[in-house]
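These values consider heavy atoms only, across backbone and side chains, with no hydrogens, waters or symmetry-generated copies. Counting starts at 1 for both ligands and their atoms, in listed order.
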Amino acid sequence: MRDCPLLDVLSGGKPSRRPVWLMRQAGRYLPEYRKIRATAGSFLGLCYNPELACEVTLQPLRRYDLDAAILFSDILVVPHAMGLHLDFIEGEGPQLQKVGGMADVDALLNGIDSEPFQKVYETVSRVKAELKSSIGFIGFCGAPWTVASYMIEGRGSDRRQAVTVAVENPAWFAGMIDRLVETSIAYLLGQIKAGVQAVQIFDSWAGDIPEPHRARVVANPIRRIVDGVRKYHPAFPIIVFARGVGSGHGEIARQTQASCVGVEQGTALPDVIAALPEQVAVQGNLPPETLLKSETDIVDACRRVMDGVPMRRHVFNLGHGITPDVKPEAVQVMLDAIRRFDHV
Ligand code: CP3
């Protein structure tokens with residue numbers, strides 16, 4: 001019998017405990033990460049170094065009793081593999097070569113046999129060889145809309161220009177989304193072949209798209225990726241994190257056929273569960289800033305998140321990534337609180 005709480009929840013089974021992992025669980029809040037990051041030189045150098053990327057993926061699991069590993073990489077590896085120049089500038093974030101019309105879309109590569117993807121698959125194989133079977137292994141990609149927003153703006157921004165393009169929907173925007181769907185399917189299938197057991201699709205900027213356009217810009221491209229993956233792996237566990245859609249998560253679940261929806265902080269999980277098809281789980285949604293507060297505040301906030309959310313339908317997580325200013329001890333306080341209340 002399998003005892004993997006994460007995969008149990010994602011496949012509608014009964015877990016032995018409430019699974020928990022954290023978005024950005026490998027990252028700058030961990031001194032051991034900062035050390036390896038310094039050795040690697042650059043962030044991208046770390047993403048494409050299978051030995052170091054494997055080590056960094058495993059670091060949070062050495063320190064904490066978590067239920068999942070998430071591949072260490074970045075969503076912008078996909079446009080990089082498609083031929084766009086990418087840099088991560090210290091203290092500024094990503095800078096990506098821009099796409100601004102059909103000629104740029106036509107010049108994109110499919111990325112499928114690219115060196116970046118091969119390096120990521122090698123990282124996956126290495127991690128897989130080290131994980132015990134109770135730990136779920138999560139791969140990921142960015143959703144087409146969020147990745148497209150970086151391709152249009154060239155960097156982290158307010159995304160106003162990208163939203164305008166998405167709403168006006170010129171042929172080149174639709175063409176770019178098609179190319180991202182195709183490459184993302186191949187990329188996830190490659191990760192699955194190398195050993196990941198579930199995938200998360202990150203649509204960090206889903207909340208920027210006005211509701212009347214959400215089905216076309218957010219949900220439909222994700223659904224095409226889900227179908228592309230499940231064509232080869234029926235019922236494969238897929239978490240869709242359409243961040244910021246609030247009361248729209250039920251609709252997102254139906255439109256994308258997700259196994260689980262990731263929910264941002266500030267949206268009540270019991271309300272999301274009530275709007276979901278019976279077999280779909282929720283993931284989230286402790287506010288990341290909780291981890292900067294006192295022990296009592298952390299314990300109370302964990303209990304509030306778990307209240308009214310049955311264990312078999314819940315993957316405990318933050319509402320967004322853990323921030324670099326969190327003290328590693330705060331994560332242990334959170335885990336102890338979850339274990340104390342997780343039997344409901
Ligand atoms: O969750 C994990 O531990 C897995 C690794 C992971 C990273 N980025 C590592 C990373 C994952 C799943 C991502 C996804 C990602 N990347 C998203 C979607 C999730 C989200 O946070 O909304 C987005 C929008 C990106 C793009 C990106 N990458 C930005 C905007 C930045 C700069 C901001 C920052 O925190 O510096 C990154 C850099 C990045 N990705 C870091 C890490 C650990 C920090 C880089 C460093 O070590 O210097």
Side-chain angles (χ1 to χ4, degrees), residues 20-49 52-61 63-64 66 68-80 84 86-96 120 123-124 127 136-151 153-159 162 184 187-188 191 196 198-208 222 239-245 262-265 283-285 288 315 317-326 331:
V20 51
W21 68 279
L22 302 177
M23 289 186 277
R24 290 276 177 100
Q25 64 188 25
R28 284 167 296 189
Y29 75 107
L30 290 178
E32 59 269 36
Y33 170 84
R34 295 196 299 269
K35 201 165 152 202
I36 299 245
R37 172 79 166 69
T39 321
S42 69
F43 172 68
L44 262 190
L46 178 52
C47 289
Y48 296 143
N49 181 322
L52 296 183
C54 168
E55 173 56 24
V56 161
T57 302
L58 296 171
Q59 281 175 342
L61 291 128
R63 206 185 249 268
Y64 308 113
L66 294 160
I70 179 158
L71 164 69
F72 187 83
S73 181
D74 197 84
I75 61 167
L76 300 181
V77 161
V78 166
H80 195 215
L84 297 179
L86 173 65
D87 234 336
F88 282 84
I89 315 281
E90 221 55 58
E92 273 184 52
Q95 282 200 355
L96 182 65
V120 170
T123 303
V124 171
V127 172
F137 188 12
I138 304 170
F140 70 88
C141 68
W145 154 242
T146 287
V147 177
S149 75
Y150 286 95
M151 292 163 81
E153 304 253 351
R155 59 195 171 85
S157 63
D158 61 12
R159 295 165 305 281
S184 302
Y187 184 45
L188 292 182
Q191 293 179 32
V196 305
V199 295
Q200 174 154 322
I201 301 176
F202 284 88
D203 217 345
S204 306
W205 305 122
D208 287 350
I222 296 176
I239 305 166
V240 169
F241 182 41
R243 190 166 76 93
V245 304
V263 179
E264 64 284 344
Q265 60 266 28
Q283 174 175 281
N285 70 348
V315 177
N317 206 315
L318 304 178
H320 199 194
I322 190 167
T323 53
D325 49 357
V326 167
V331 173

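A salt bridge links E90 with R37: at least one charged nitrogen is closer than 4.0 Å to a carboxylate oxygen.
The two residues Q265 and P288 make their nearest non-hydrogen contact at NE2-CD, 3.5 Å.
No side-chain heavy atom of D74 sits less than 4.5 Å from a side-chain heavy atom of H80. Residues L66 and P60 are in side-chain contact: their nearest non-hydrogen atoms beyond the backbone lie under 4.5 Å apart.
Using a 30° and 60° split on the angle between ring planes, F202 and F241 fall in the perpendicular class, above 60°.
A donor-acceptor contact shorter than 3.5 Å links the side chain of E264 to the backbone of G244.
Each of M23, R24, Q25, A26, R28, Y33, R37, F43, I70, L71, F72, S73, D74, I75, F88, G93, P94, F140, Y150, F202, S204, H320 has a non-hydrogen atom positioned under 4.0 Å from some atom of ligand 1.
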